Each structure stands twice: as structure tokens, then as C-alpha cells.
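Scroll down for the structure; my scribbles are underneath it.
As the structure is a prediction and not an experimental result, all values here were calculated from the model.
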Amino acid sequence: MWHSYFMCGLKGIQDHFNLDQPKGMNCLVDGTIPPSSGLSSSSALVCCAGLSTLTTNKKSLSKVELAEVCAKCERYIGTEGGGMDQSISFLAEEGTAKLIEFSPLRATDIKLPHGAVFVIANSCVEMNKAATSHFNIRVVECRLATKILAKSKGLDWKNLMKLGDFQRRLGVTVEEMLNVVEEILHPEPYTREEICETLGLSLEDLCSTILSQNAQDVSTFKLYQRAKHVYSEAARVLAFKKVCDEAPANAVHLLGDLMNQSHVSCRDMYQCSCSELDQLVDICLKSGAIGSRLTGAGWGGCTVSMVPVDKLNEFLTNVQDMYYKTDSRRSSMQKQSLFATKPGSGAMVIVEKK
């Protein structure tokens with residue numbers, strides 16, 4: 001499976017430049033990220049392949065252009081992902097977090113507060129989003145919510161695919177979008193029949209023009225919950241930036257609260273958590289984290305926790321004892337599954353002079 005991600009990056013550059021005969025490469029691939037852990041290892045491999053192919057064929061793209069190409073070409077694998085992972089893979093800079101925004105793609109430096117460190121903890125539940133339908137079904141639910149919301153506001157719903165695009169077209173804030181969701185969508189799941197009636201589509205048109213291959217057999221869709229999560233999460237991102245910019249005395253605790261709210265929304269509204277992730281988040285909070293949430297696509301993978309620097313060693317010991325040492329498989333994976341981290345540089349080419 002992993003070689004397929006490398007081929008995505010290669011094909012992306014090949015298609016972008018219409019390379020009939022791209023130059024060959026001898027590649028050695030290595031890494032320290034646990035597989036299927038929600039830490040963007042698949043996107044990192046796509047970006048690595050794209051950058052390698054670009055360099056080998058003596059072509060040139062800006063980091064933003066390269067991120068956009070790699071985001072598009074990763075969809076060859078079958079997942080309808082966005083572009084955040086690919087964007088940070090190229091636009092990351094050491095020592096600063098980044099606010100990633102789209103349409104157009106741009107990255108803004110965010111200075112994190114002193115006194116806390118981010119800790120990654122792997123639940124050891126592997127989630128291969130390319131081999132399951134969970135991820136793509138959520139994309140379809142957001143697409144359906146976009147179209148129903150847009151039609152209710154008299155917009156060209158047929159050409160709107162994303163909740164963010166609908167918000168921009170409507171010209172309101174993410175906070176106001178939460179009110180729009182409450183006004184238009186109902187909490188009960190939508191059936192195919194109700195969606196078809198609302199949009200004026202036949203079932204055949206729904207299946208052929210809106211539903212992905214993975215969602216052809218899904219009978220109900222939770223549009224209210226998915227839209228509520230997306231807009232509330234966007235609001236939390238902006239609130240996180242505001243706290244970092246203003247740097248109040250209680251900044252770390254405010255950011256921790258936002259992380260906790262995010263996990264609750266991921267768990268209850270987007271429903272992309274799992275029992276092991278929920279358990280691990282709970283353990284991290286009990287072990288001294290100020291905030292903790294799942295990271296990545298969900299349904300397994302890792303948590304990210306904000307931990308006071310002076311409590312880091314105690315935190316690591318407690319999580320080891322309470323989560324990893326209670327299970328033989330997790331215990332064997334502990335060394336590469338629990339670690340503190342900080343913002344680092346993005347992808348680069350290092351040329352060895354002869």
C-alpha cells in the first residue's frame with residue numbers, strides 16, 4: 001500500500017508538467033512515524049515523492065504550488081482529503097506554528113505561548129483511511145450539508161461542494177454560520193429520499209453526481225452534526241490564533257480548553273473518535289495535560305496534548321503506566337508512541353556536494 005502513496009506524488013508531478021518520460025530515480029525510503037497513526041505519514045510520503053520527482057526532472061514550483069499539486073494527487077489513492085497535511089509538509093518553519101487557510105492557500109506564523117509543550121501519544125489503533133469508508137462518508141455528508149444549506153439561501157448549490165466555500169459565498173463569519181446551521185438543518189439523520197426531495201434530484205442523480213463510491217450504500221446522513229462540527233472547529237481555530245496573538249497570562253489554559261472542546265466535538269458531532277482514543281485523552285488529562293484531543297483523521301491514531309513544561313516527565317510516566325503498560329502490544333510500541341514535539345521545518349532537498 002505505501003508504494004501507492006509514493007506513486008501518487010510521482011504521478012502528480014508527471015501530470016502537472018505533462019512529462020511523457022520522467023527521469024528514473026533510485027529511492028530509499030525511511031521514517032520514524034508509526035504507520036496509520038494519524039500523523040500524516042501518507043501525505044508526507046506523497047510530498048516527498050512529489051519533491052523528489054520535481055527535483056530529478058529539473059522542474060520548479062513554489063512551495064504553495066507544490067502543496068496544491070500534492071493535495072490533488074493524493075486523491076488518486078481514493079481518499080477525498082483536503083490539503084492541510086500537504087500544506088504544512090511544505091510550508092512549516094522551525095519554531096512557529098502555522099495557521100493554514102485556503103482559497104487561496106496561505107500560511108500565517110503563530111507564536112505559541114511559553115511554558116507548555118505538545119506531546120504525541122499513539123493509541124496503537126491503526127486506521128487506514130484509504131481502505132475504509134469512514135473518511136469519505138464524512139466528506140459526502142459535508143458536501144450534502146453544503147448543498148442543502150446553499151439551496152435554502154438561494155445560491156447556486158449545484159456548484160458548491162464545501163462548507164467553507166458556502167460560507168465565503170454567503171459572506172458571513174463562522175460564528176454566524178453556526179446560526180445558519182441551527183436555522184436550516186435538523187438534528188435527525190437525513191434519508192436519501194429526504195435529500196432527493198429537498199434538492200429536487202432523482203436517486204440516480206444523487207448517487208452519480210454527489211455520493212462517492214464508498215457512500216453508495218449509505219442510507220442515512222448526519223448533516224446537522226457534521227456541519228456543526230466543521231464550523232465550530234473553524235471558530236476554535238480562529239479563537240486559538242487570537243489567544244496566541246494576544247498572549248494573556250492564562251493563554252495556556254485557554255488553549256487547553258479549546259483543545260478539549262475540539263475533542264468533544266470530534267467525538268460527539270463528527271464521530272471520528274474511538275474508545276481507545278477517548279480513553280487515552282482521559283488518561284492524558286488525568287496525568288497533567290491542560291488540553292488533549294485526537295489528531296489526524298481519527299478512528300484511531302494519535303492524541304496531541306498540551307502539557308506544562310515542568311510537568312512533562314511526570315506526565316510521560318503516568319501515561320506510560322496507565323495506558324501502555326496495561327497492554328502487552330501497546331507496551332511493545334511505547335518507545336515510538338509517546339514523545340514531546342515542537343514545530344520543525346518542512347520538506348527540503350539536501351544536495352551532497354561531490
Side-chain angles (χ1 to χ4, degrees), residues 1-6 27-49 74 77-79 81 85 88-89 92 116-135 256 259-260 262-263 266-267 271-344 347:
M1 169 60 82
W2 288 104
H3 78 278
S4 299
Y5 285 101
F6 194 92
C27 300
L28 174 65
V29 179
D30 192 18
T32 57
I33 300 175
S36 302
S37 61
L39 297 179
S40 306
S41 56
S42 55
S43 295
L45 190 54
V46 171
C47 292
C48 176
E74 188 168 336
I77 203 73
T79 53
D85 293 348
I88 197 63
S89 289
V117 63
F118 290 102
V119 179
I120 301 297
N122 187 6
S123 69
C124 302
V125 176
E126 293 190 6
M127 171 57 186
N128 185 345
K129 62 187 180 185
T132 58
S133 61
H134 306 300
F135 186 88
M259 292 177 69
N260 294 333
S262 178
H263 184 75
C266 286
R267 182 192 68 202
Q271 293 180 301
C272 62
S273 189
C274 65
S275 59
E276 292 87 352
L277 278 172
D278 295 339
Q279 178 192 7
L280 185 52
V281 163
D282 186 55
I283 287 172
C284 288
L285 292 173
K286 289 178 179 177
S287 298
I290 298 170
S292 187
R293 53 154 295 168
L294 65 82
T295 187
W299 297 284
C302 292
T303 62
V304 57
S305 300
M306 179 177 278
V307 181
V309 172
D310 58 359
K311 293 184 178 180
L312 177 58
N313 291 333
E314 179 185 354
F315 173 85
L316 295 174
T317 299
N318 288 340
V319 175
Q320 288 169 4
D321 291 342
M322 297 172 68
Y323 190 76
Y324 293 100
K325 291 183 179 179
T326 59
D327 179 272
S328 58
R329 178 175 173 273
R330 296 199 294 246
S331 182
S332 67
M333 300 171 65
Q334 175 189 311
K335 188 174 181 181
Q336 69 268 33
S337 294
L338 181 66
F339 53 90
T341 186
K342 57 184 178 181

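- Using a distance-only test at 3.5 Å, with no hydrogens or angles considered, a donor-acceptor pair links the side chain of N260 to the main chain of S292.
- Taking each heavy atom of Y324 and C124 in turn, the nearest pair found is CE2-SG, 4.0 Å.
- The backbone N or O of I283 sits less than 3.5 Å from a side-chain atom of S287, completing a donor-acceptor pair.
- R267 is listed as a side-chain neighbour of D278, based on a closest heavy-atom distance under 4.5 Å.
- In this structure the side chain of W299 never reaches within 4.5 angstrom of the side chain of S273, judged on heavy atoms.
- Residues V46 and F6 form no side-chain contact, since every pair of their non-hydrogen atoms from C-beta on lies 4.5 Å or further apart.
- In this structure A116 satisfies the side chain to side chain contact (heavy atoms under 4.5 Å, CB included) test together with V252, M306, sequence neighbours excluded.
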I would like to know whether V319 and L338 meet side-chain contact (heavy atoms from CB on, under 4.5 Å); could you show each step before the answer? CA-CA 9 Å; V319 175; L338 181 66; 4.1 Å; yes
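- S123 places no side-chain N or O within 3.5 Å of a backbone atom of E276 that could act as its donor or acceptor partner.
- Between S332 and R329, the closest heavy-atom pair is OG-O, 2.6 Å.
- Side chain of R293 to main chain of T303: no donor-acceptor pair is present (N/O by atom type, distance under 3.5 Å, no hydrogens or angles).
- Within the structure, salt bridge (Lys or Arg N to Asp or Glu O under 4.0 Å) pairs that include any residue of residues 308-324 comprise D321-K325 (at least two apart or interchain).
- Side-chain contact annotation: S37 with N122, donor-acceptor N/O pair under 3.5 Å absent.
- In this structure, a donor-acceptor pair under 3.5 Å is present between the side chains of E74 and S43.
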